[in-house]
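Written out below as structure tokens is the structure these notes cover.
Everything quoted here is computed from the prediction, not taken from an experiment.
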Amino acid sequence: MTYVSCFYHAFSGAQKAETAANRICKVLAVNQENEHLMEDYERLASDLLEWIRRTIPWLEDRVPQKTIQEMQQKLEDFRDYRRVHKPPKVQEKCQLEINFNTLQTKLRLSNRPAFMPSEGKMVSDINNGWQHLEQAEKGYEEWLLNEIRRLERLDHLAEKFRQKASIHEAWTDGKEAMLKQRDYETATLSDIKALIRKHEAFESDLAAHQDRVEQIAAIAQELNELDYYDSHNVNTRCQKICDQWDALGSLTHSRREALEKTEKQLETIDQLHLEYAKRAAPFNNWMESAMEDLQDMFIVHTIEEIEGLISAHDQFKSTLPDADREREAILAIHKEAQRIAESNHIKLSGSNPYTTVTPQIINSKWEKVQQLVPKRDHALLEEQSKQQSNEHLRRQFASQANIVGPWIQTKMEEIGRISIEMNGTLEDQLNHLKRYERSIVDYKPNLDLLEQQHQLIQEALIFDNKHTNYTMEHIRVGWEQLLTTIARTINEVENQILTRDAKGISQEQMQEFRASFNHFDKDHGGALGPEEFKACLISLGYDVENDRQGDAEFNRIMSVVDPNHSGLVTFQAFIDFMSRETTDTDTADQVIASFKVLAGDKNFITAEELRRELPPDQAEYCIARMAPYQGPDAVPGALDYKSFSTALYGESDL
């Protein structure tokens with residue numbers, strides 16, 4: 001026992017030591033791992049903050065470049081930063097936050113105090129630095145785009161300046177030499193006048209270029225305000241253009257004074273020629289336009305349009321006296337110039353230097369206008385008469401169509417009500433419908449009259465009629481629908497009578513069938529859809545609920561009432577179905593039994609027996625269609641009445 005006790009105490013002490021050592025190792029391992037995570041956090045945080053501190057000054061560097069290519073390179077560098085340099089740092093920041101959260105969790109689980117990073121390396125410090133980085137990044141991007149837009153604007157303005165300056169310089173090339181000429185000193189009378197007019201044209205051209213010079217100066221000013229890098233050359237060129245413009249203005253004024261001094265007695269004739277040209281040109285254009293209008297083809301479709309043309313023509317004719325006075329005044333100017341030239345022994349060149357419109361041309365065109373006016377009057381009056389006739393045709397057709405159209409619609413509605421309502425017997429309904437049919441047929445002359453009026457409208461090429469909404473096509477379709485509807489409705493009632501008489505259905509049953517059918521015919525279309533028909537069957541006690549057996553029964557009934565699978569059940573089909581369900585009907589077996597009685601209980605029948613027992617026409621009908629009997633008890637001329645009977649009910653082929 002002593003030895004056992006010693007061994008027990010020895011082994012127990014060794015186990016406690018091992019347990020204590022394991023606990024210490026575990027604690028130290030956790031502590032080492034936490035310290036490693038702390039060191040990793042400190043290192044990553046330092047690297048990330050250092051990168052942020054290096055990057056922000058680069059993003060805050062807003063020194064503008066001179067050219068758009070340089071700014072685009074900056075933008076490309078920024079995009080490289082976004083694509084290449086920043087994504088890894090985003091990943092580092094995310095990993096840093098993950099490590100921090102993992103470390104705090106492990107410390108908390110191992111009852112260790114929370115990790116406090118070095119000053120300035122907290123997650124909040126990193127987030128603040130990152131936020132500052134993104135703000136600088138956003139501002140840098142906006143600055144880059146604004147600078148690029150500014151430089152694009154500068155390049156556009158500079159190019160615009162160069163284009164306008166080049167155009168202006170090309171225009172001014174040789175102008176100073178021209179203005180310094182003294183050609184007027186040896187010029188003839190016509191040459192002097194031409195030089196004066198040419199100079200006036202140049203002055204007009206010069207004045208027109210004033211706006212371009214102002215634009216050039218304004219663009220140069222804007223380039224200076226926008227700090228364009230090549231402003232010096234722009235200003236030099238602009239100043240040269242302005243100086244040259246001032247010189248051109250001075251030379252133009254000097255030349256004009258010199259030309260005006262040379263202009264003496266010739267001025268009166270020249271002024272008369274100019275006055276003639278100024279008035280002859282628009283008058284000639286007016287006559288040409290008038291001749292064009294007077295000969296212009298016109299296409300009108302309404303009385304208002306032709307009356308508008310007549311009114312415009314009358315207004316034109318009222319201007320003819322004033323036009324004639326203007327013509328005489330223009331010709332008087334030409335005569336006065338001729339008189340002055342003759343009295344002063346001036347030899348004119350024979351033509352007006354300012355216009356090619358001669359008095360002969362004016363008189364010839366005026367005579368042409370005078371001839372065209374009455375022709376235009378006649379054409380307009382003819383068209384007015386035609387349009388008045390067309391308007392009469394429109395009103396005539398509209399008056400009749402506005403009666404026929406509503407009449408057809410009313411009859412359609414009345415027939416629909418008759419077919420739905422259950423007033424009186426079927427015979428009463430049939431008589432009522434036939435009276436309607438006769439009244440419809442009696443109304444046909446009104447439609448024929450409308451067709452005649454429509455034919456006249458077509459021959460007159462009338463395409464619209466504002467007096468009615470009905471067209472002949474609408475009337476024809478409505479009439480055909482009316483005839484079809486009344487015929488179909490009469491046929492339905494006749495079939496109902498045949499069904500009633502053949503099946504022995506009472507009038508009260510027919511009315512009950514109609515009431516049930518109408519109740520579920522919600523749209524009053526004369527036919528029931530599958531769901532409406534099912535509801536009707538359910539109300540009549542049929543087991544067609546929405547289950548497998550009910551669906552099978554409903555599909556069987558639908559195959560009977562709608563063999564063509566149109567999706568609609570007509571009232572006639574409904575009556576046929578209900579009559580089969582509520583009355584006794586003949587069957588093939590009953591007919592076979594009847595033939596067997598006539599045949600004296602034989603399996604065949606002879607032609608003599610058929611002729612003896614049946615009316616002649618029916619006997620011959622049976623003889624022609626019965627097949628020969630092939631049984632062992634057959635006799636010559638024996639006929640097979642069984643196959644004939646089954647064929648009558650579709651159970652075999654005739």
Side-chain angles (χ1 to χ4, degrees), residues 272 275-338 351-352 354-402 449-472:
L272 288 172
E275 180 67 19
Y276 175 88
K278 287 181 177 179
R279 297 177 67 172
F283 185 72
N284 181 61
N285 290 336
W286 175 85
M287 288 192 296
E288 289 179 349
S289 298
M291 287 189 294
E292 184 179 343
D293 292 341
L294 290 170
Q295 297 177 91
D296 185 28
M297 295 293 295
F298 54 83
I299 299 176
V300 296
H301 300 289
T302 64
I303 189 68
E304 291 81 4
E305 291 178 354
I306 189 60
E307 287 177 352
L309 290 177
I310 292 174
S311 175
H313 184 63
D314 291 340
Q315 186 177 1
F316 166 75
K317 289 193 294 184
S318 67
T319 64
L320 289 178
D322 291 337
D324 191 31
R325 285 190 289 272
E326 177 66 11
R327 180 185 66 86
E328 292 177 351
I330 293 171
L331 296 178
I333 293 172
H334 178 74
K335 291 177 181 179
E336 179 65 14
Q338 292 287 346
S351 62
N352 192 318
Y354 307 116
T355 182
T356 58
V357 181
T358 64
Q360 291 78 14
I361 293 175
I362 291 177
N363 287 328
S364 174
K365 291 183 178 179
W366 178 254
E367 290 175 2
K368 182 68 174 176
V369 170
Q370 294 293 95
Q371 294 170 2
L372 290 173
V373 168
K375 292 182 180 179
R376 185 71 168 185
D377 287 334
H378 180 69
L380 289 173
L381 289 176
E382 281 188 348
E383 185 62 30
Q384 184 184 34
S385 176
K386 176 185 174 183
Q387 291 303 323
Q388 287 174 344
S389 174
N390 289 352
E391 182 66 13
H392 174 70
L393 291 176
R394 287 191 186 93
R395 292 181 181 274
Q396 189 179 50
F397 177 84
S399 175
Q400 185 70 6
N402 289 336
L449 175 61
L450 199 61
E451 286 283 6
Q452 295 172 5
Q453 294 170 350
H454 178 65
Q455 180 65 26
L456 295 175
I457 283 179
Q458 286 187 321
E459 292 173 356
L461 299 178
I462 299 173
F463 303 107
D464 58 352
N465 193 341
K466 66 180 181 180
H467 305 296
T468 181
N469 293 325
Y470 294 100
T471 65
M472 196 63 228

Query raised in the report: Does Thr356 have any side chain to side chain donor-acceptor pair (under 3.5 Å) partners at least two apart in sequence or in another chain, and if so, which?
Result: none
Requested in this report: Check side chain to side chain donor-acceptor pair (under 3.5 Å) between Asn469 and all other residues, then give those that pass, not counting sequence neighbours.
Outcome: none
Query raised in the report: So with a 6.0 Å cut-off around NZ of Lys335, is the heavy-atom count from everything else above 12?
Result: no
Requested in this report: Kindly check if the number of other-residue, nucleotide or ligand heavy atoms within 6.0 Å of CD (Gln315) is above 12?
Outcome: no
Spacing of [atom1] belonging to [X] relative to [atom2] belonging to [Y], to within rounding of 0.5 Å:
{"X": "Asp377", "Y": "Asp314", "atom1": "CG", "atom2": "CG", "answer": "7.5 Å"}
{"X": "Thr468", "Y": "Gln400", "atom1": "OG1", "atom2": "CD", "answer": "11.0 Å"}
{"X": "Met472", "Y": "Gln455", "atom1": "CE", "atom2": "CD", "answer": "11.0 Å"}
{"X": "Ile333", "Y": "Asn352", "atom1": "CD1", "atom2": "CG", "answer": "10.5 Å"}
{"X": "Lys317", "Y": "Arg376", "atom1": "NZ", "atom2": "CZ", "answer": "11.5 Å"}
{"X": "Thr319", "Y": "Asp324", "atom1": "OG1", "atom2": "CG", "answer": "11.0 Å"}

Distance-only donor-acceptor pairs under 3.5 Å for side chains of residues 364-373, two or more places apart:
from	atom 1	to	atom 2	distance (Å)
Lys365	NZ	Asn284	OD1	2.8
Lys365	NZ	Glu288	OE2	2.6

Given side chains that start at C-beta, do those of [X] and [Y] come closer than 4.5 Å, heavy atoms only?
{"X": "Arg327", "Y": "Asn363", "answer": "yes"}
{"X": "His334", "Y": "Ile330", "answer": "no"}
{"X": "Leu450", "Y": "Tyr470", "answer": "no"}

Might you point out which heavy atoms bring [X] and [Y] nearest each other, and give the distance in Å?
{"X": "Ala277", "Y": "Pro282", "value": "O-CD, 4.3 Å"}
{"X": "Ala323", "Y": "Trp286", "value": "CB-CH2, 3.4 Å"}
{"X": "Ile362", "Y": "Tyr276", "value": "CD1-OH, 3.7 Å"}

Query raised in the report: Counting N and O atoms only, with roles assigned by atom type, does the side chain of Gln396 sit under 3.5 Å from a partner on the main chain of His392, one being a donor and the other an acceptor?
Result: no
